[in-house]
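Report on the following structure.
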Amino acid sequence: MSADQLRDSAAAAERWNPTTAWNNQLRQLSKQRQYREALTLYRNMVRSSFFPNAFTFPFLLKSCAFLSLPLTASQIHAHVIRTGSQPDPYTRSSLINAYAKCFLPHNARKVFDEMPNPTICYNALISGYSFNSNLTDAVKLFCQMRREEEDGLDASVNVNVNSVTLLSLVSGCSAATHLTIGACLHGCCVRFGFATDLAVTNSLVTMYFKCGEVELARQVFDEMLVRDLITWNAMISGYAQNGHARNVLEVYNEMKLSGVSVDPVTLLGVLSACANLGAQGIGRQVEHEMERCGFGCNPFLRNALVSMYSRCGNLTRAREVFDCSREKSVVSWTAIIGGHGIHGHGEVALELFDKMVESGVRPDKTVFVSVLSACSHAGLTDRGLEYFELMKMKYGLQPGPEHYSCVVDLLGRAGRLEEAVDLIRSMKVKPDGAVWGALLGACKIHKNVEVAELAFQHVVELEPTNIGYYVLLSNIYTDANNLEGILRVRVLMRERKLRKDPGYSYVEYKGKVHLFYSGDLSHPQSKEINRMLDELENLVKEIHPPNEKCEERSEELLIGTGVHSEKLAIAFALLNTKRGKEIIVMKNLRVCVDCHLFIKLVSKIVNRQFIVRDATRFHHFRDGICSCKDYW
DNA sequence: CTAGGGTTAG
């Protein structure tokens, strides 16, 4: 609705019964989520000096809550006070909610403390504390509410814990540290008889996912007798956010079978899973589904699509989707910049960044993570450092550990290890595992045992159970022929009962994702795959005879080598795919150099292009040539 | 007062 139309209809309303008519207008706008328009209407109302009643304020305050406008909220609060009469419970709960959603829980509390509170005011404040991730106060208030409910000290108000109370509390548990409280609340839900309330159970599913308890979430889901769209979406997003991409696809299929129709949130989760799996084929189907359902312009989905295509290795399509997106937010730019960065196109990534700034979008911390990592993937060390300065000086953004780890990576890959160490020492925030880990990774590339030991010391203190770092150090010792060091790391690993998870890779074929562990014999085509692999190994040996001792040494001492999962995946893909058609995408290949070599040679032999993706970056092997500046 | 949501290194 335009401002003129608003004025016209408001004028028409005034001729009727001013306040009721105004309120009806407000109700309409609020229903249609036209919150800005509702507030515009309010300004017109004030100008024509109307008399608000109890129905007026809640609509306005809801708009403030939604748009997070603390000033407008307090202006309306002042107006409420000016009316002279005691505000009714609805107005008070709206005030509490508005303040809480504007990140002013203190003001919300003040309103709450002014007089005795009925259920909705308790609920509003509890939900407000939850929203501001202040679980302690939310739970305290819940306890107070239960006492009030039991004792009923104040007969003027009625207090009852209801499903909304528990809903607000449960959805406040959003991190692993909240698990204990979350599980307690789950118990409360059962005891209070809300365990069959759909909204409550849905929020329990989400709560367990957010706490990282994938199995418990699944259990709640399995026990549900009724499921709706939200239930399925909670499962899909939950699995996606916890990195269980294959379960996402499973649940997605189940959902379609159950006859519930999808919405943008569903597809968002599925796209993110496709991105993680490298399942471009499924991703493409999702894109069609998107168009078919009329979600083609949904900016959230378009961003997810850009990210999916780039992470599946199809930068061309990612670029097309990006270019055709009308609404380009900082998130859209982050996705496309990251996409170019991940593929080694650092220069393009930087150009895109400049274009973004030109287009008037203000960069945030996240986009700088993409920019910095793009620079390090492309070897643009000095430009990366320039952008790091730009971030601090021009945009006044405080770098977090995630930025420092990129810059350490940047310096480290370029061999500037001392500078990297100095940078870490100069940090104002405490370096996290990733920062020292980046340094350790750089030491592997540049074979620097001394700095590696320093980095390892710190990283192990911060992430004592992250097996990757032990493996990295052990392999650094291997390169340096330092047997004593290798043994030391192995003893450490044994003492801490750490075992390396088997590596795995996957290939998408005919809409299904085929997963291979190293040494895996469970695939139905296992026999053929291994035959194919033998053949490939022999061909590879012919054109690249093993380099005597060197190869043997590494086979024996590197941790986690053997029949690599990616070799199985390659053999599978070659067995099943038509010549020249597909690009093969694999993931999670923390591949050591000899395996890269293997892939490169196979690529030459079969004359096919592979895009191999590992956990940290993409490597392109086109006609046997690695375009990503050779392993870095 | 009221359940599910896009981007992000190592």
Side-chain angles (χ1 to χ4, degrees), chain A residues 58 62 65 89-90 92-94 96-97 100-101 118-128 130-131 162-168 170-171 197-207 209 228-238 240-241 263-269 271-272 275 298-308 310 329-339 341-342 364-374 376-377 400-410 412 432-442 459 463 466 468-469 472 590 615-617:
Chain A
K62 195 176 172 189
Y90 288 102
R92 292 186 60 238
S93 75
S94 304
I96 293 169
N97 182 49
K101 295 282 157 71
T119 308
I120 50 166
C121 292
Y122 269 103
N123 285 352
L125 191 56
I126 287 175
S127 130
S130 264
F131 181 83
N162 61 18
S163 63
V164 178
T165 319
L166 282 158
L167 204 54
S168 309
V170 171
S171 51
D197 184 298
L198 195 51
V200 171
T201 25
N202 285 342
S203 75
L204 285 170
V205 171
T206 306
M207 180 273 287
F209 272 125
D228 66 354
L229 174 65
I230 308 282
T231 320
W232 291 103
N233 286 350
M235 285 306 285
I236 287 173
S237 325
Q241 284 158 8
D263 81 342
V265 181
T266 321
L267 300 184
L268 215 43
L271 279 179
S272 135
N298 182 308
F300 283 62
L301 280 173
R302 296 197 70 86
N303 295 339
L305 213 50
V306 170
S307 157
M308 186 276 292
S310 18
S329 67
V330 69
V331 177
S332 323
W333 289 97
T334 306
I336 197 67
I337 290 171
I342 222 167
D364 65 357
K365 283 191 178 191
T366 312
V367 76
F368 274 105
V369 175
S370 291
V371 169
L372 294 171
S373 82
S376 83
H377 286 182
E402 68 274 33
H403 300 101
Y404 281 103
S405 64
C406 289
V407 180
V408 168
D409 191 55
L410 197 67
D432 63 0
V435 175
W436 291 108
L439 185 65
L440 190 61
V459 85
E463 292 180 33
N466 190 329
Y469 298 129
L472 204 47
R590 242 171 224 284
T616 51
R617 68 199 59 93

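Sequence lines set the chain letters: A, B, ... in the order given, protein chains first and strands last, and positions in each chain run from 1. The structure displayed is predicted, hence computed values, not measured ones. All values below were derived from every heavy atom in this structure, side-chain atoms included, with hydrogens, water molecules and symmetry-related copies excluded.
Atoms CG (A:L372) and C1' (B:dG10) sit 13 Å apart, rounded to a whole Å. Distance A:E463 CD to B:dA9 P: 16 Å, rounded to the nearest Å. One interatomic measurement links the two molecules: OH of A:Y469 to C1' of B:dA9, which rounds to 10 Å at whole-angstrom precision. Distance, A:L305 CG to B:dT7 P: 12 Å, rounded to whole Å.
Annotation: side chain of A:F209 is not in contact with side chain of A:Q241 (no heavy-atom distance under 4.5 Å).
Side-chain N or O atoms of A:H403 include one that pairs as donor or acceptor with a backbone N or O of A:K365 at under 3.5 Å. Formation of a donor-acceptor pair under 3.5 Å by the A:S272 side chain with backbone atoms of A:L268 is not found in this model. No donor-acceptor distance shorter than 3.5 angstrom exists from the side chain of A:H377 to the backbone of A:A374, with no hydrogens or angles considered. Looking at A:S237, its side chain never comes within 3.5 Å of a backbone N or O of A:A234 through a donor-acceptor pair.
The two residues A:S332 and A:N303 make their nearest non-hydrogen contact at OG-OD1, 2.8 Å.
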Subject >> Footprint string (nucleotides 1-6 of chain B, 5' to 3'): B base within contact, S backbone only, - free, heavy atoms under 4.0 Å >> reply: BSBBBB
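Contact annotation: A:H377 side-chain N/O to B:dG10 OP1/OP2 distance is under 4.0 Å.
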